[in-house]
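Inspection log for the structure reproduced underneath, given as structure tokens.
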Amino acid sequence: MEFIKVKTILNKVKYGSSWYGIDYNMNLYRGCCHGCIYCDSRSQCYHIAHFDKVKGKENALQILEKELMSKRSKGIIGIGSMSDTYNPLEMVYKQTRSALKLIHQYGFGVSIDTKSDLILRDIDLLKKINAQNNVIIKFTITTPSDKLSKIIEPNVCETSKRLHAIKILSDNGLFVGIMMNPVLPFITDNEDDVRELVKLASQAGAKFIHTYMGMTLRDVQRDYYFERLDEYFIGLKQEYIRFYKDMYNCVSIKHERLYQVFINECKKYDILYDMKDIIKAYKKEIKHYEQLALFK
């Protein structure tokens, strides 16, 4: 794996704690090999050359430990927003597992985004972190269909395996749910799929599902997405051009009806869907204690 030099690992979030209640953001890898046809992280604004090649960050763990030691607030660290921290190279390098050990040691909480069941390897650490702070795990699931998931997210475990991972994490007392994002217009924006995914989520023990009933498209990411549409969904690119032109936010043309169906199904299965309720449900009161750091 190629390693790149970085100066920082932890970044204070600029949008407050309105997004899953996180206080800091952290990406241990740069780039992603999942090959998801819709990924916004390919956009030029993120300045990630050769996005599909995963790169490590040099001295990431040493930098992280130094930054954790300097923080007065033991907040929630978001992991995996730009690059899935459980990519295949994690099996070899274990950057994420080592980072979770440090997060536990210094008393922080975690909010993890992933599409990989490799997270099951770290249940022991997640339970330890959860015992002293807060843990929320979010699996991106865009379709209930394994067949379709292998087309739009070709290099990750299919939907059924992600749902199985949710079941195991939930059975271990961890707060886990689904980001049903993005919703792809003309591909995954249908009522039957929404109903089926909410039902499967309930059966797996998911505590929440969050969605915005659309996707984003811009610059090189749009080009990449359109190339994949021409490959797998012949003629659909023209529908996107017709309805969305050069729009960034491409909300499903059925979003109002679809979101109401989604809410009704979530209520039916007692699954949280509003961000404020999700944050309130997983965050518990953290008692102040003196930080016990194990210095080498």
Side-chain angles (χ1 to χ4, degrees), residues 1-6 9 11 13-15 19-20 25-57 60 78-90 95-96 112-116 118 138-143 148-159 162 178-189 210-234 236-241 243-252:
M1 181 171 64
E2 179 184 345
F3 285 85
I4 58 174
K5 293 184 180 293
V6 295
I9 294 294
N11 297 295
V13 297
K14 298 178 181 179
Y15 39 79
W19 185 251
Y20 291 101
N25 225 349
M26 175 175 79
N27 286 283
L28 295 166
Y29 297 93
R30 179 171 292 180
C32 186
C33 57
H34 286 347
C36 302
I37 69 173
Y38 50 73
C39 184
D40 182 66
S41 295
R42 284 193 186 86
S43 301
Q44 290 177 334
C45 61
Y46 301 117
H47 308 291
I48 304 176
H50 309 293
F51 175 75
D52 294 288
K53 180 180 180 181
V54 176
K55 300 177 183 178
K57 295 185 176 182
I79 307 176
S81 61
M82 293 291 296
S83 173
D84 195 327
T85 202
Y86 287 105
N87 62 74
L89 292 172
E90 170 62 22
Q95 295 261 84
T96 302
I112 300 178
D113 301 0
T114 189
K115 293 188 179 92
S116 174
L118 178 57
K138 301 157 293 183
F139 276 84
T140 297
I141 301 182
T142 54
T143 172
L148 182 56
S149 75
K150 294 307 291 184
I151 294 174
I152 62 179
E153 303 149 343
N155 301 328
V156 293
C157 61
E158 57 266 30
T159 294
R162 280 175 259 174
I178 292 171
M179 294 189 294
M180 195 172 76
N181 299 326
V183 173
L184 307 181
F186 313 113
I187 299 175
T188 64
D189 62 340
H210 189 265
T211 187
Y212 59 86
M213 291 301 168
M215 68 178 303
T216 58
L217 287 173
R218 58 182 163 190
D219 51 68
V220 295
Q221 181 225 350
R222 177 188 284 107
D223 296 339
Y224 185 88
Y225 184 66
F226 281 176
E227 288 174 5
R228 300 290 81 77
L229 291 184
D230 282 342
E231 183 177 357
Y232 298 110
F233 305 96
I234 305 300
L236 202 52
K237 179 177 74 174
Q238 285 67 36
E239 291 297 292
Y240 274 81
I241 294 171
F243 281 97
Y244 301 111
K245 297 181 174 60
D246 59 352
M247 293 173 61
Y248 171 61
N249 288 304
C250 302
V251 179
S252 169

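Side chains are part of it too, since the values below use all heavy atoms of this structure and drop only hydrogens, waters and symmetry mates.
- Here the side chain of Tyr240 pairs a donor or acceptor atom with the backbone of Pro185 at under 3.5 angstrom.
- Here the closest heavy-atom approach between residue Val156 and residue Lys150 is recorded as O-NZ, 2.9 Å.
- A salt bridge does not link Lys115 to Asp84: none of the charged side-chain nitrogens sits closer than 4.0 Å to a carboxylate oxygen.
- Under a 3.5 Å cut-off, the side chain of Asp223 and the backbone N or O of Phe226 do not form any donor-acceptor pair.
- Put simply, the side chain of Gln221 does not reach to within 4.5 Å of the side chain of Phe51, judged on heavy atoms.
- A distance-only check finds a donor-acceptor pair linking the side chain of Arg222 to the backbone of Asp246 [under 3.5 Å].
- The side-chain hydrogen bond (donor to acceptor under 3.5 Å, both in side chains) check on Glu231 picks up Arg228, with sequence neighbours excluded.
- Checking side-chain atoms of Thr96 against main-chain N and O of Tyr86 turns up no donor-acceptor pair under 3.5 Å.
- To the nearest 0.5 Å, atoms CD1 (Ile48) and CG (Asn27) are separated by 8.0 Å.
- Between Pro182 and Thr188, the shortest heavy-atom distance links the atoms O-OG1, 4.4 Å.
- When the ring pair (Phe, Tyr, Trp, His ring centres under 6.0 Å) test is applied to Phe243, the partners found at least two apart in sequence or on another chain are Phe186.
- Scanning for side-chain hydrogen bond (donor to acceptor under 3.5 Å, both in side chains) contacts around Lys5 gives Glu58, with sequence neighbours left out.
- By the 6.0 Å contact criterion, CZ on Arg162 is enclosed, its count of non-hydrogen atoms from other residues, nucleotides or ligands being greater than 12.
- In summary, of the residues considered (Met1, Lys57, Met82), a side chain to side chain contact (heavy atoms under 4.5 Å, CB included) with Tyr29 occurs for Met1 alone.
- A distance-only check finds a donor-acceptor pair linking the side chain of Asn181 to the backbone of Tyr212 [under 3.5 Å].
- Considering SG of Cys39 and CD1 of Ile152, their distance stands at 12.5 Å, rounded to 0.5 Å.
- Looking at Gln44, its side chain never comes within 3.5 Å of a backbone N or O of Asp219 through a donor-acceptor pair.
- The closest side-chain heavy-atom distance from Met213 to Met180 is below 4.5 Å.
- Listed by chain and number, the residues in a salt bridge (Lys or Arg N to Asp or Glu O under 4.0 Å) with Glu158 amount to none (sequence neighbours excluded).
- Residue Ile37 comes nearest to Ile151 through the heavy atom pair CG2-O, 3.8 Å, listed as atom of the first residue, atom of the second, then distance.
- Nearest heavy-atom pair across Cys250 and Leu217 is SG-CD1, 3.8 Å.
- With sequence neighbours left out, the side-chain hydrogen bond (donor to acceptor under 3.5 Å, both in side chains) criterion links Thr143 to no other residue.
- At least one side-chain heavy atom of Asn249 sits under 4.5 Å from a side-chain heavy atom of Thr216.
- With sequence neighbours excluded, the residues satisfying side-chain hydrogen bond (donor to acceptor under 3.5 Å, both in side chains) with Ser43 are Asp40, Arg218.
- Rounded to the nearest 0.5 angstrom, Leu118 CG and Thr85 OG1 are separated by 9.5 Å.
- The minimum heavy-atom distance between Ser41 and Ser81, with the atom names listed, is OG-O, 4.3 Å.
- Across Leu28 and Ala60, no two heavy atoms sit closer than the pair CD2-CB, 4.5 Å.
- The backbone N or O of Gln95 sits less than 3.5 Å from a side-chain atom of Glu90, completing a donor-acceptor pair.
- Looking only at side-chain heavy atoms (C-beta outward), Glu239 and Phe233 stay at 4.5 Å or farther from each other.
- Note that NE2 of His34 and OG of Ser116 are 6.0 Å apart. Values are rounded to the nearest 0.5 Å.
- Separating the NZ atom in Lys138 from the CD1 atom in Ile178 is a distance of 13.5 Å, to the nearest 0.5 Å.
- Taking the side chain as every heavy atom from C-beta outward, Thr142 and Ile187 never approach each other to under 4.5 Å.
- The distance from atom CZ of Arg30 to atom NZ of Lys55, rounded to the nearest 0.5 Å, is 8.0 Å.
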Could you give me the CA-CA distance, side-chain angles and deciding distance for Trp19 and His210, then say whether side-chain contact (heavy atoms from CB on, under 4.5 Å) is met? CA-CA 11 Å; Trp19 185 251; His210 189 265; 4.0 Å; yes
